[in-house]
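Below you'll find the structure, written out as structure tokens, and then a few comments.
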Amino acid sequence: MPETPAQYYQRLKALAMAKRVLYKVETSKINLTLIRSIYKSEGVKIDYWIPKGRKIKACYFADGEPSVMVDKNLPNEPKIFALVHELKHHWVDRDAILDGVHKCGAYDDNNFVEIGAEVFAAQFIYPDTEMLTDLENFGVPPAACTPEHIVRFKSACPAPVSYTFLVKRFERFKRIEVGSCKKVQFKKLEEQIFGTPVYKRPSFIKNRKKKRT
Ligand SMILES: [Zn+2]
């Protein structure tokens with residue numbers, strides 16, 4: 001019997017956990033330096049680029065010396081996610097890409113190869129079970145969470161993940177309704193809750209300008 005998508009995603013989650021063990025990955029220590037060192041061990045080159053008009057964050061090239069092109073200007077959290085997504089292509093899809101079965105950059109939402117890479121990256125960066133434990137430890141309600149819960153959780157959780165990442169997880173864990181946070185401006189809400197970050201305060205900007213002159 002061929003593998004169902006659900007079985008495929010389970011297998012990728014297991015692979016993500018195995019790779020974490022292999023590289024002794026701890027969630028709180030995941031950063032770009034660690035990801036770059038994994039790329040180095042795997043012999044995959046990273047090429048930074050500035051995409052012009054195309055909505056692709058990263059792309060894997062299997063030919064010859066494998067390499068990944070990644071949008072230089074991505075913030076750290078989505079950059080880490082994109083780089084781990086591409087590692088799944090390297091570990092799982094390389095032969096299929098070389099055979100032309102799967103095309104790089106085929107970001108079709110119905111494409112289970114791509115969804116699989118998202119599942120893999122999410123599990124690699126912040127395993128489900130770890131997040132569930134953290135949610136419980138931080139006292140996040142098991143249902144009917146508010147955007148404020150997500151903001152507070154993000155600031156307390158050890159994983160380098162974006163609001164987009166956390167919203168998807170809160171949805172899957174049924175702590176919020178799917179789509180309920182679509183219009184939430186999390187960065188704004190974050191400033192309302194925690195105050196304006198130092199670098200954005202008028203006094204800081206004034207001082208910085210003074211120093212420059
Ligand atoms: Zn992909």
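As a basis for the values below, the full set of heavy atoms in this structure was taken, side chains included, without hydrogen atoms, waters or symmetry mates. Note that ligands are numbered from 1 as they come in the structure, with each ligand's atoms numbered from 1 the same way.
Not counting sequence neighbours, the partners of Phe138 by the ring pair (Phe, Tyr, Trp, His ring centres under 6.0 Å) test are Phe153. Legend: residues meeting ring pair (Phe, Tyr, Trp, His ring centres under 6.0 Å) with Tyr163, ordered by chain and number and at least two apart, are Phe186.
The atom of His89 that is an N, O or S and sits closest to the Zn ion (ligand 1) is NE2. Looking at Glu114, its N, O or S atom nearest to the Zn ion (ligand 1) turns out to be OE1.
Smallest separation of non-hydrogen atoms from Glu3 and Arg11: OE2-NE, 2.6 Å. Across all their heavy atoms, Phe170 and Cys145 have their closest contact at CE2-SG, 3.9 Å.
Distance check for Glu86 against the Zn ion (ligand 1): none of its N/O/S atoms falls below 2.8 Å.
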